[in-house]
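Each remark here refers to the structure printed beneath this line.
Chain naming here is simple, since letters A, B, ... match the order of the sequence lines and numbering starts at 1 in each.
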Amino acid sequence: MAEAPSVDPKAKTAEHALTDVRRAKAARLRERNENPFANDVVPRTLGARTLDVAEVRACAAVARDDAGKYPDDKVKAATGGQTFHIRGRIIAFRSTGGLSFLRLRDRTGEIQLLVSEAAMGPGYASLEDLDLGDIIESEGTLASSKRGELSIEPSRIRMLTKALRPPPEKWHGLQDVETRYRQRYVDLVANPLVAEVFRARSYIVRATRKILDDKDFLEVETPTLTPLVGGAVARPFDTHHNALDMPLFMRIAPELYLKRLVVGGLERVYEIGRCYRNEGISTRHNPEFTMLEYYWSYVTYKHLVEFTEVMIRGIDAELRKAMPEAHARWSSERPFAIDEAFARVPMAQAVRKGLAATEIAAFSDFLGADRGFDAAACSQVLGTDFGEHIKGWAKSSPRAKAIDWGNFRKGWMKCDNDGERLFAAYEYLCEPFLTDDYKAADGKRSLPVFVMDYPFETSPLARRNDTSPDRVDRFELFVHGRELCNAFSELNDPDDQAERFREQVRKKAAGAEETMDFDEDYIRALEYGMPPAAGFGMGMDRLTMMLTNAPSIRDVILFPLLRAET
RNA sequence: GGGCUGAUAGCUCAGUCGGUAGAGCUGCGGACUUUUAAUCCGUAGGUCGCGGGUUCAAGUCCCGCUCGGCCCA
């Protein structure tokens with residue numbers, strides 16, 4: 001037997017002491033002519049079937065009794081002594097002397113190795129060089145432990161990759177949030193529920209593709225490096241191309257390129273891709289995020305309202321199919337309902353409702369009158385500066401008290417027109433209360449709500465409503481108070497679009513940071529004729545958050561942006 | 001940018017009124033052929049985030065900074 005690894009604990013930090021022990025074990029393997037970082041893996045060893053853990057379990061499924069145990073005689077009868085070969089990471093290691101229990105994990109599951117001196121012979125001694133976290137391969141027959149746990153009884157174990165660092169604490173896993181984000185590789189190993197969310201994310205994206213592909217959409221890829229800023233209202237990242245000596249922006253949205261493709265006759269296109277916005281970081285915002293946008297010719301936003309419900313339910317159904325157990329857990333905890341028809345409310349009506357809910361007496365005459373409620377009416381009822389009224393208004397009701405009047409007024413005063421004012425009123429009077437105001441049939445869960453018919457001033461790429469030209473045919477979907485989708489019938493009149501761009505440029509000149517550039521080429525494209533179409537955008541990160549109950553966007557982005565490690 | 005809050009062993013966490021730095025897991029040595037966070041005995045492991053200050057004495061009190069988290073903008 002080799003000597004114990006010698007480590008001088010005084011010479012190095014405790015961290016080094018831990019890795020040095022493992023390096024010493026790797027060295028002993030090398031002395032035995034074994035490679036602690038083996039590369040000669042083969043899909044099958046002599047006489048053994050190489051299987052994933054889930055496949056091995058499937059082979060023994062008939063031996064499983066009602067209590068989930070595997071009687072040893074039944075396991076042996078089911079597998080006839082055939083040899084299985086598996087690979088995975090050691091995630092638990094218990095030894096009782098001549099018998100050791102290892103737990104191995106691969107991407108499909110976990111299985112116990114029941115390692116006995118009897119079956120392993122002299123090779124049993126080499127268990128000394130195995131540590132938690134090592135990646136090994138093993139072959140042996142299927143058996144059952146005394147407690148009825150399905151196990152592989154190995155005749156051979158071989159190191160494939162020596163782990164020089166130990167895994168985090170076995171019971172609590174890795175808890176430190178900062179380390180979890182910075183060292184996601186450890187997080188994924190130590191916290192299986194984290195890995196589960198990212199598996200869900202993959203299924204969600206896959207389901208989204210499937211639903212659009214089935215509708216004969218074409219998946220395309222458009223530039224993420226762009227000479228102009230467009231497609232959304234946000235601050236971009238600046239960059240530069242050296243060879244062309246050309247300033248560039250990271251795209252904030254793929255919209256204008258996708259619509260060029262609609263001009264080009266592709267008619268139904270979508271892209272699932274990274275977008276970049278140079279803005280704050282929060283539980284709902286990461287500077288880079290993944291957006292789905294699709295454009296559908298010969299339909300209007302009204303069609304997309306219907307399709308959005310179908311799509312979200314369809315994605316959720318695919319997720320349930322792929323991960324039934326996790327899905328049951330997530331869906332039972334959801335504070336919102338997606339199984340019944342979503343609410344629909346025009347923005348102006350939402351504001352009218354929001355004002356009514358404040359129970360502010362000054363609005364009662366106005367709200368009682370049987371008249372429409374458009375952007376101009378909204379301005380009229382609130383006046384130009386309601387600062388002096390705030391104190392009184394806030395006392396009217398609990399709802400009125402909950403309104404952020406100070407910031408509402410600040411935003412209100414900055415508005416240039418009635419449309420922007422309507423939007424501001426919506427933002428402060430309605431949006432924070434959507435979760436309370438729209439409830440599912442059970443009266444508990446919130447109901448997703450489509451807020452429809454936005455003021456045209458806040459939507460520079462959307463088509464005006466034919467009967468109310470101060471509105472655009474647009475909706476946003478809010479699920480439990482969080483914005484998930486944004487969609488509208490596309491503006492395809494090049495002259496109207498050019499005027500909207502000019503307005504954006506005027507705003508930029510006046511100091512606004514979040515504006516679009518005038519995109520001459522896009523206007524030229526529209527001049528060739530874009531069919532009537534409706535377009536849709538959805539944050540895939542937020543969709544994943546919603547379906548997996550993740551409280552922060554960092555829980556659904558593998559490597560969220562953090563400050564440099566010091 | 002503002003408010004609140006956190007950083008102590010590789011990991012998870014204690015640390016009282018300011019008075020010698022603690023536990024569990026991991027590691028190492030030993031016992032053990034049916035474990036399930038195995039158990040038992042022994043043992044090692046610390047720039048208490050960084051920098052100042054107060055004090056006879058600071059993980060603890062004060063100030064500044066760094067990196068996080070939550071909320072707000």
Side-chain angles (χ1 to χ4, degrees), chain A residues 1-25 28 68-72 75 90-105 110-121 124 127-134 143-153 163-183 186-187 189-191 279-285 402-411 414 427-428 432 481 551-555 560-566:
Chain A
M1 189 181 289
E3 237 178 284
S6 69
V7 177
D8 178 2
K10 300 278 186 281
K12 295 186 170 174
T13 65
E15 186 172 2
H16 276 117
L18 283 171
T19 55
D20 281 355
V21 165
R22 288 167 176 246
R23 279 182 217 280
K25 290 178 182 177
R28 289 199 305 217
K69 310 267 191 199
Y70 293 80
D72 195 51
V75 169
I90 303 172
I91 58 161
F93 196 139
R94 290 179 284 271
S95 177
T96 64
L99 190 67
S100 296
F101 301 88
L102 276 64
R103 196 162 187 79
L104 222 61
R105 182 198 288 159
E110 298 175 4
I111 196 164
Q112 177 166 273
L113 300 189
L114 204 168
V115 193
S116 68
E117 203 156 12
M120 288 277 290
Y124 189 78
L127 281 187
E128 283 191 349
D129 296 326
L130 294 184
D131 285 302
L132 284 176
D134 289 350
S144 185
S145 75
K146 214 169 231 177
R147 300 276 180 89
E149 177 162 353
L150 183 66
S151 310
I152 285 183
E153 203 164 10
L164 295 182
R165 290 175 183 266
E169 217 260 0
K170 64 182 165 192
W171 189 238
H172 301 92
L174 181 65
Q175 296 296 327
D176 184 78
V177 182
E178 185 175 352
T179 311
R180 285 186 43 225
Y181 295 152
R182 290 196 194 276
Q183 302 179 33
V186 190
D187 191 26
V189 171
N191 301 321
E279 296 169 349
I281 295 176
S282 78
T283 47
R284 290 178 302 282
H285 300 89
I403 290 165
D404 183 356
W405 290 103
N407 282 313
F408 179 19
R409 178 181 175 237
K410 229 185 268 176
K414 268 193 237 164
E427 255 188 313
Y428 288 96
S552 167
I553 199 168
R554 295 181 203 98
D555 297 327
L561 186 67
L562 300 176
R563 277 177 217 275
E565 210 173 344
T566 47

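A:Leu99 contributes atom CG, which lies 6.0 Å from atom OH of A:Tyr124 (distance to the nearest 0.5 angstrom). Between the OG1 atom in A:Thr283 and the CD1 atom in A:Ile553 there is a gap of 8.5 Å [rounded to 0.5 Å]. Taken from CD in A:Gln112 to OG in A:Ser144, the straight-line distance is 9.0 Å, to the nearest 0.5 Å. We find the CD1-CG distance between A:Ile111 and A:Leu104 to be 8.5 Å, quoted to the nearest 0.5 Å.
A distance of about 38 Å separates the P atoms of B:U39 and B:G18, rounded to the whole Å. Taking the C1' atoms as reference points, B:G59 lies 12 Å from B:A7, given to the whole Å. Between B:A38 and B:G22, the distance separating the two P atoms is 27 Å to the nearest Å. Taking atom P on both B:C32 and B:A21, the two are 39 Å apart, rounded to the nearest angstrom. The gap from the P atom of B:A57 to that of B:G45 amounts to 28 Å, rounded to the nearest Å. Atom name C1', nucleotides B:G10 and B:U5: the rounded distance is 26 Å, in whole Å. Across B:U47 and B:U60, the matching P atoms stand 16 Å from one another, rounded to whole Å. Separating the P atom of B:G46 from that of B:G53 is a span of 27 Å, rounded to the nearest Å.
Protein atom CD1 of A:Ile281 is 17 Å distant from nucleotide atom P of B:C72, rounded to whole Å. Atom CD of A:Glu128 is separated from atom C1' of B:A31 by 14 Å (rounded to the nearest Å). Between A:Asp187 atom CG and B:G69 atom C1' the separation is 15 Å, expressed in whole Å. A:Leu114 has its CG atom 7 Å from the C1' atom of B:U34, to the nearest Å. Following rounding to the nearest Å, A:Leu18 (CG) and B:U26 (P) show an atom-to-atom distance of 12 Å. In this structure, CD of A:Glu427 is placed 14 Å from P of B:C72, rounded to the nearest angstrom. Between the CZ atom of A:Phe93 and the P atom of B:C25 there is a distance of 17 Å, given to the nearest Å. One can place CH2 of A:Trp171 at 13 Å from C1' of B:G24, the figure rounded to the nearest angstrom.
A:Gly280 comes within 4.0 angstrom of no nucleic acid atom, judged by non-hydrogen atoms across all strands. The residue A:Thr283 sits close only to the backbone: its heavy atoms come under 4.0 Å of sugar-phosphate atoms, none of a base. No engagement by A:Arg180 is indicated, since no non-hydrogen atom pair under 4.0 Å with the nucleic acid exists. Base engagement by A:Ser145 is indicated by at least one non-hydrogen atom pair under 4.0 Å involving a base atom.
With salt bridges taken as basic N to acidic carboxylate O contacts below 4.0 Å, none links A:Arg554 and A:Glu178. Salt-bridge annotation for A:Arg180 and A:Asp187: present, with a side-chain N of the basic residue lying under 4.0 Å from a carboxylate O of the acidic one.
The side chain of A:Lys25 approaches B:C28 more closely than any other nucleotide in the set B:U35, B:C28, B:C70. Side-chain proximity of A:Leu174 to B:U26, B:C67, B:U12: nearest is B:U12. Closest to the side chain of A:Arg182, from the set B:G68, B:C28, B:U34, is B:G68. Between B:C11, B:C28, B:G68, one nucleotide has an atom nearer to the side chain of A:Leu562 than all others, and that is B:G68.
For the pair A:Arg103 (side chain) and A:Ile90 (backbone), a donor-acceptor distance under 3.5 Å is absent. At distances below 3.5 Å, at least one donor-acceptor pair connects side-chain atoms of A:Asp134 with backbone N or O atoms of A:Asp131. Proximity of a side-chain donor or acceptor of A:Ser145 to a complementary backbone N or O of A:Arg147 within less than 3.5 Å is detected.
Nearer to the 5' terminus of RNA chain B, by closest-nucleotide assignment, is the contact made by A:Leu130 (compared with the other of A:Thr96 and A:Leu130). For the pair A:Arg22 and A:Arg554, both in contact range of RNA chain B, the more 5′-proximal nearest nucleotide belongs to A:Arg22.
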Could you run through nucleotides 1-7 of chain B and give me one letter per nucleotide, 5' to 3': B if any protein heavy atom sits under 4.0 Å from the base, S if only the sugar-phosphate is that close, - if neither? -------
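In this structure, A:Lys170 reaches the B:A38 phosphate: one of its side-chain N or O atoms is under 4.0 Å from OP1 or OP2. Taking side-chain N and O atoms only, A:Lys410 has no distance below 4.0 Å to OP1 or OP2 of B:C72. Under 4.0 angstrom from either OP1 or OP2 of B:A37 there lies no side-chain N or O belonging to A:Arg94.
With its glycosidic angle within 90° of 0, B:C17 is assigned syn.
Evaluation of atom-type donor-acceptor distances gives a pair under 3.5 Å for the side chain of A:Glu149 against the base of B:U36.
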